[in-house]
Protein chains: 2
Amino acid sequence: MATIEDVAKLAGLSRTTVSRVINDQPYVTDEKRQRIIQAMDDLGYVPNSSARRLRSQKTETIAVLLPRLTNPFFGNLIEAMEEKASEWGYQVIVCQTHDSKKKEMDYLQLLKTKQVDGVILASLVNDWKDVEPFLESGPIVFCNEYMDKACIPMVHMDHKQAAYDATIHLLEQDCRQICYVTGGPESHLSRKRKEGFIKALNEFGLHFEENLSIDWAINVSDGQKVFHMINNELPHVDGVFTGSDEVAAGLIYEAASSDWVIPEDLAVVGFDNQMVSLLMVPSVTTVEQPVKQMADKTVEVLIQQLLHPGALAPNRYVYPHQLLVRNSTKRKKLSIQ
Amino acid sequence: MATIEDVAKLAGLSRTTVSRVINDQPYVTDEKRQRIIQAMDDLGYVPNSSARRLRSQKTETIAVLLPRLTNPFFGNLIEAMEEKASEWGYQVIVCQTHDSKKKEMDYLQLLKTKQVDGVILASLVNDWKDVEPFLESGPIVFCNEYMDKACIPMVHMDHKQAAYDATIHLLEQDCRQICYVTGGPESHLSRKRKEGFIKALNEFGLHFEENLSIDWAINVSDGQKVFHMINNELPHVDGVFTGSDEVAAGLIYEAASSDWVIPEDLAVVGFDNQMVSLLMVPSVTTVEQPVKQMADKTVEVLIQQLLHPGALAPNRYVYPHQLLVRNSTKRKKLSIQ
DNA sequence: TTGTATGCGTTATCAT
DNA sequence: ATGATAACGCATACAA
């Protein structure tokens, strides 16, 4: 493999001059520049990035931590992030934590060992106090997940309000026994959602009931299980709030082979506006998040931190959500005007 | 940031000895080993990976090239790959080419510049002759996509046979005007599928008709467009072979708000056995690929190449597929026995 | 405008 | 068992 030295020799010049050409710097005569370019071509020279990294203390690489890629929300998120990062010439390393504290800490080490310049946390299972020390090694930005006590940039929506809106909608459809279905570890985000859910209940004179709460549902097959649980143990339930379109879809799929009619017997709201929520029969009422905008902003904020280490950017970017009302909750027939 | 030098000084020993401790090498007294570990702890020392990379000429990182992550097939693929790679202590860089020749070449440069030790090609739009030279810089392995002329390991299924099976099934359901829907750039894989499709037609005395061929459909909304195209311009079509469950889902979704009844008027097969193919009403007949096994095998083969550069592994791993017959093609009623 | 010398942090070689 | 030194490939401060 040719090195800068080889190129210098072949061109009959010094490493410095070659380096200048490589980095598009001035103070090189056109003639010598050409000679060097020629030499690089002849040798098939390519700068060794490990050497550059060591010299520059930069990697042009970022890590994105998330639970798992098969959750389409995170799939969409990282798709957009990679695209944006690539525009800036940055690589993206995928870090699936599977909600494991250990894996999360292991991936954070990438920052310490200088394998990446910065980190995006799209989920968090460890305590913030265990993560904070990593800030010494480079910037960290939250996306989706957030944490009031952390003094770093955060890009997310108002999950409390979103859950509130969705729940109010269920209540307005005359649901009174609403099952609260969530999954994954308890997080700041999930607590916010729960707050919104409870706030809405309270406004209708209801309160949160532990026995209508399910906290282990994260995918389609869990959704199917949830339906059977409701069918067998909670027949009085008339509405379901879930934090995931996949779960909602599984539930609705399973209900189709039963007596339950959706939404008349059971109204269901999902979350994320995944494709499947539109395709289901009935289509699923859901909360849309501006995933691409959030992803783009997150990458932008992180890279700005890398480029201008001093500049403290405003550190909250809250994006709007939208409740998309579809057939899985339309219990009230419209009166003919 | 503390360096090995700092640790050495604090412990009153040499860099060499510290390095020995870091790398678990022998020839260090327990007493000094302890002293060094203590010093590393005190300083919060972590080896700098850029320096290690430069020194060892290894990155412990691989690149995975694919068109886009929002295609759930590739989402599942990379999820499994990342997990497997992480078991071996390897990082994964996501490289979305969006089927662009230029982006593909750019990402392949990662190999030349030593940012990654090896590359997995899950798709390919450039000619093989343009890719082959990169082999000088490190191993490349195909997964899903393949190429008969390339002398590198390949992990994939028999796409010709899979398409053949799916088409025969449509024909057995009495479809005679089958629309062939595909998307993305022409590739070896897509050619193989087409061969299988044509072979099946031929066995039923039919031949491929260009005007029943659509080559621009890759997602749900394309599937919707396909339906309208059939509805408006190809009303005599009675079956659809598509290379994607998303497209099939979009088509079926759109058909629901029309006169067409699926499968009676139009039988539809998808590909990949995505969750959505099961959830649709009617559920979608599809071809299942053993994604996880293929992903695991690919990573394993690549890492073996990295660990034992000499050892030529057998270079084809062909995995079985399975046609899952669901409601979108069940036109023939079972006779009561 | 060009070149020399030095150091980024690590590990391998060779002495001791 | 331990340490001095060179080398990995590059880019920068400084000199010319």
Side-chain angles (χ1 to χ4, degrees), chain A residues 1-37 39-40 43-61 89 109-117 137-138, chain B residues 1-37 39-40 43-61 89 109-117 137-138:
Chain A
M1 200 78 300
T3 75
I4 200 172
E5 177 78 47
D6 301 327
V7 178
K9 270 188 195 145
L10 182 58
L13 292 163
S14 74
R15 284 182 307 193
T16 311
T17 311
V18 178
S19 175
R20 289 211 179 86
V21 172
I22 294 170
N23 298 294
D24 266 324
Q25 286 170 14
Y27 304 127
V28 183
T29 24
D30 261 2
E31 182 258 322
K32 308 205 167 168
R33 192 179 292 273
Q34 288 313 319
R35 229 159 75 203
I36 287 169
I37 291 175
M40 296 199 302
L43 293 169
Y45 168 78
V46 179
N48 178 309
S49 92
S50 299
R52 283 190 141 169
R53 286 180 181 218
L54 178 57
R55 184 57 234 234
S56 67
Q57 307 281 36
K58 286 184 173 54
T59 66
E60 321 254 273
T61 306
Q109 283 288 335
L110 293 176
L111 200 54
K112 273 196 143 168
T113 59
K114 305 284 180 222
Q115 310 220 44
V116 300
D117 294 335
S137 310
Chain B
M1 202 77 295
T3 75
I4 199 173
E5 177 79 50
D6 301 327
V7 177
K9 269 187 195 147
L10 183 57
L13 293 162
S14 75
R15 283 181 307 191
T16 310
T17 310
V18 177
S19 176
R20 289 214 179 83
V21 172
I22 295 170
N23 298 294
D24 268 324
Q25 286 169 16
Y27 304 128
V28 184
T29 23
D30 260 2
E31 182 258 325
K32 309 208 166 165
R33 194 179 289 272
Q34 287 315 316
R35 230 159 75 203
I36 288 171
I37 291 174
M40 296 201 301
L43 293 169
Y45 168 79
V46 180
N48 177 309
S49 93
S50 300
R52 283 192 145 168
R53 287 180 180 216
L54 178 58
R55 189 51 237 230
S56 67
Q57 309 281 35
K58 286 186 173 54
T59 66
E60 320 255 273
T61 306
Q109 283 287 337
L110 292 175
L111 199 55
K112 273 195 141 167
T113 59
K114 305 283 181 223
Q115 309 220 47
V116 300
D117 294 335
S137 309

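By convention in this document, chain letters (A, B, ...) are assigned in the order of the sequence lines, proteins followed by strands, and residues within each chain are numbered from 1. Only heavy atoms go into these numbers, but all of them, side chains included; no hydrogens, no water, no symmetry mates.
- The OG atom of A:S14 sits 9.5 Å away from atom CD of A:E5, with the distance rounded to the nearest 0.5 Å.
- Rounding to the nearest 0.5 Å gives a distance of 7.5 Å between OG1 of A:T17 and NZ of A:K32.
- Here the P atom of nucleotide C:dT10 and the NZ atom of B:K58 are 18 Å apart, to the nearest Å.
- By the 4.5 Å heavy-atom criterion applied to side chains, B:Q115 and A:R53 are counted as neighbours.
- The line from CD of A:E31 to CD1 of A:I36 is 9.5 Å long, rounded to the nearest 0.5 Å.
- Nucleotide C:dT13 holds its P atom 16 Å from the CZ atom of B:R15, rounded to whole Å.
- Using modelled atom types, one finds no donor on one side chain facing an acceptor on the other under 3.5 Å when comparing A:S19 with A:T16.
- Within residues 47-56 of chain B, the residues having any heavy atom under 4.0 Å from DNA chain C are, by residue number, B:P47, B:N48, B:A51, B:R52, B:R55.
- Formation of a donor-acceptor pair under 3.5 Å by the B:T113 side chain with backbone atoms of A:S49 is not found in this model.
- Here A:K32 reaches the OP1 or OP2 of C:dT2: one of its side-chain N or O atoms lies under 4.0 Å away.
- A residue-by-residue look at A:A2 and B:E31 shows that B:E31 has its nearest nucleotide of DNA chain D further toward the 5' end.
- Counting heavy atoms from C-beta on, the side chains of B:I22 and B:M40 come closer than 4.5 Å.
- In this model, the phosphate group of C:dG3 is approached by a side-chain N or O of A:S14 to a distance below 4.0 Å at OP1 or OP2.
- Within residues 17-29 of chain A, the residues approached by DNA chain C to less than 4.0 Å at the level of any non-hydrogen atom are A:T17, A:R20, A:Y27, A:V28, A:T29, in residue-number order.
- Side-chain contact check for B:N23 and B:R52: at least one donor-acceptor pair (N or O, by modelled atom type) lies under 3.5 Å.
- In this structure a side-chain-to-backbone donor-acceptor pair under 3.5 Å is present from A:D117 to A:T59.
- Judged by distance alone, the side chain of B:R35 and the main-chain N or O of B:A11 form a donor-acceptor pair under 3.5 Å.
- When DNA chain D is scanned 5' to 3' for any atom under 4.0 Å from a heavy atom of chain B, the first and last hits are D:dA1 to D:dG9.
- In this structure, A:M1 and A:T16 both approach DNA chain D, and ranking their closest nucleotides by distance from the 5' end singles out A:M1.
- A heavy-atom distance below 4.5 Å is found between the side chains of A:N48 and B:Q57.
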